[in-house]
Novice: 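Have a look at this one.
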2 protein chains.
Amino acid sequence: MPHRLNERRIAETALGLVDAEGVDGLSMRKLAAALDVSPMSLYTYYPDREAVLEALTQLVLAEVDVPDEDLDWRETIRQIMRSIRRVGLRHPHVAPLINRFPPRTPDALAFVEAGFRAFRRAGFDDVSTARCYRALAVYSMGTFDVELSGYFDQHPGGHAGTDSLAAPSMERHLPNLARIGPALAGQDDGAEFEYGLELLLTGFAAAMGAGGSR
Amino acid sequence: MPHRLNERRIAETALGLVDAEGVDGLSMRKLAAALDVSPMSLYTYYPDREAVLEALTQLVLAEVDVPDEDLDWRETIRQIMRSIRRVGLRHPHVAPLINRFPPRTPDALAFVEAGFRAFRRAGFDDVSTARCYRALAVYSMGTFDVELSGYFDQHPGGHAGTDSLAAPSMERHLPNLARIGPALAGQDDGAEFEYGLELLLTGFAAAMGAGGSR
DNA sequence: ACCTGAACACCGTTCAAGT
DNA sequence: ACCTGAACACCGTTCAAGT
């Protein structure tokens, strides 16, 4: 009765390691050590390290909340998108993996199905729904990219470049960048997320009204 | 007169390796071999592998075209965004790096400055310009994520899952996903990109008219 | 300063073998 | 089937040394 290894326990332990030390901090050897087994025993359950990363991503995607069924389609999408963002903020090191591995397990697909249901209830046809889903996927992934890796923190003109030696030369050659930098650095992540989200929802609604499906 | 090593030549050779073999295919040892020097000589020019990846990304960002100055602001943004997408398609293995490393060199920042100029000419204030720029950054990065890694090709309900053994059970438990899958698989990347882009531009224009800056 | 070879501390995964 | 230890073919980077 030694170790009771199984797919789920391996994925959960791997998720803990990635949350704690980042994706690069997850090695098959460290994972095995954390489970108190030999490295090669993991290969009974997963063909390679990539499969472990995919599996741990499914666990995280399953954390996305499914809204109540009686909501307006806009509010349903808002709640799903906000929950996705919260999950990303809770697992910042997993966010890049979410952008690589689509949901696959039934638990991970629950929020996708819920979103599709909302569009259908609202009268969107399948092609329009696919189009909206794609736009929302693009938006959540892009949000992870800019928000969770401090993209604008390192962006010249933002906080980083302001008081560097290069600043005078930047004002000369890139005056607009220099002027807009502070506005970029002062952005509120949550507010910008809501702004873009409403912009998408408004666009979807307009396409609907113009004859998207009826 | 041996090797004439320098920052740029290293970055260009590294870009060639990444284009050919992917990010994982770039090792300091292989890069050194391609330049016919010892691995450690690279560390005279770059502190570590990460810095080499950042440098090669700057080279790629510098490939983005800067539109003519006499264009409408919408058309300026369209042309910049399309050029970014083309650059990503030309260097698919570099796209994930573009999502991690902001433009830093003057050449890489040229298109950013051009975009800021266009917004300014159109009367956007700095805060609105920063907001639009962020939304466009989110959009281009999300586009790279979904388009260049075949996100929807592996997505259940799309091409992959259709004729698998799990299909019947999926139709039972995730009926909307099953129905919308084909529409997702049939999407035209270019058309969807244009759709989302117009949606953003329309939203920006509406915010302007409603008193964004005047 | 620029470049080197040797070494250190790791990797993922294959293999042959055990139960 | 499940798990093991040893080995292979790599890594990035430190170090001490050369010019």
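It should be emphasised that the depicted structure is a prediction, and the values quoted were computed from it without experimental measurement. In the text below, chain A, chain B and the rest are named by the order of the sequence lines, each starting its count at 1.
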Novice: Would you say B:Ser27 reaches D:dC11's phosphate, i.e. side-chain N/O to OP1/OP2 under 4.0 Å?
Specialist: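 True: B:Ser27 side-chain N/O within range (under 4.0 Å) of D:dC11 OP1/OP2.
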
Novice: For the rings on B:Tyr133 and B:Phe124, is their centre-to-centre separation under 6.0 Å?
Specialist: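 So the answer is no for these two rings.
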
Novice: How far, in whole Å, is C:dC2 from D:dA17 if one measures between their P atoms?
Specialist: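 Their P atoms lie roughly 22 Å apart.
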
Novice: Distance between the C1' atoms of C:dC15 and D:dC3, in whole angstroms?
Specialist: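 Going atom to atom, C1' in each nucleotide, I get 14 Å.
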
Novice: Rounded to the Å, how far apart are A:Met40 CE and D:dA7 C1'?
Specialist: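 For the pair A:Met40 CE and D:dA7 C1', the rounded distance is 12 Å.
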
Novice: In this structure, how many angstroms lie between the P atom of D:dC2 and the CD1 atom of A:Ile10, rounded?
Specialist: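 After rounding, the reported distance stands at 11 Å.
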
Novice: Could you tell me how far apart B:Leu31 (CG) and D:dC11 (P) are, to the nearest whole angstrom?
Specialist: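 Taking CG of B:Leu31 and P of D:dC11, I get 12 Å after rounding.
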
Novice: In whole angstrom, what separates A:Arg29's CZ from D:dC11's C1'?
Specialist: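 Nearest whole value for this atom pair: 12 Å.
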
Novice: At less than 4.0 Å, is any side-chain N or O atom of A:Ser38 found next to OP1 or OP2 of D:dT4? Yes or no.
Specialist: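 So the side-chain polar atoms of A:Ser38 do come within 4.0 Å of the phosphate oxygens OP1 or OP2 of D:dT4, strictly under.
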
Novice: Do the side-chain N or O atoms of B:Tyr43 get closer than 4.0 angstrom to the phosphate oxygens (OP1, OP2) of C:dC3?
Specialist: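 No.
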
Novice: Report the distance from atom CZ of A:Arg4 to atom C1' of D:dC2, rounded to the nearest whole Å.
Specialist: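 Roughly 13 Å, once rounded to whole Å.
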
Novice: D:dG5 P sits how many Å from A:Leu42 CG, rounded?
Specialist: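 My rounded result for the distance is 13 Å.
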
Novice: Starting at atom CD of A:Glu7, determine the distance to atom C1' of D:dC2, rounded to an integer number of angstrom.
Specialist: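 The answer, rounded to whole Å, is 14 Å.
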
Novice: Determine the sole option in A:Asn99, A:Leu97, A:Ile98 for which the side-chain contact (heavy atoms from CB on, under 4.5 Å) test with A:Phe101 is passed.
Specialist: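 Looking at A:Asn99, A:Leu97, A:Ile98, the match for A:Phe101 under the side-chain contact (heavy atoms from CB on, under 4.5 Å) is A:Leu97.
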
Novice: Testing A:Val64, A:Thr143, A:Leu61 for side-chain contact (heavy atoms from CB on, under 4.5 Å) with A:Ile84, which one passes?
Specialist: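 The passing option is A:Val64.
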
Novice: Both conditions, 6.0 Å and 45 degrees, for the charged tip of A:Arg134 above the ring of B:Phe152: are they met here?
Specialist: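 Here A:Arg134 fails the 6.0 Å and 45° test against B:Phe152.
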
Novice: Distance check needed: D:dT14 P versus B:Met28 CE, whole Å only.
Specialist: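 Whole-Å distance recorded here is 10 Å.
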
Novice: Can a side chain N or O of A:Ser41 be found less than 4.0 Å away from OP1 or OP2 on D:dT4?
Specialist: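 For D:dT4, OP1 or OP2 has a side-chain N or O of A:Ser41 closer than 4.0 Å.
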
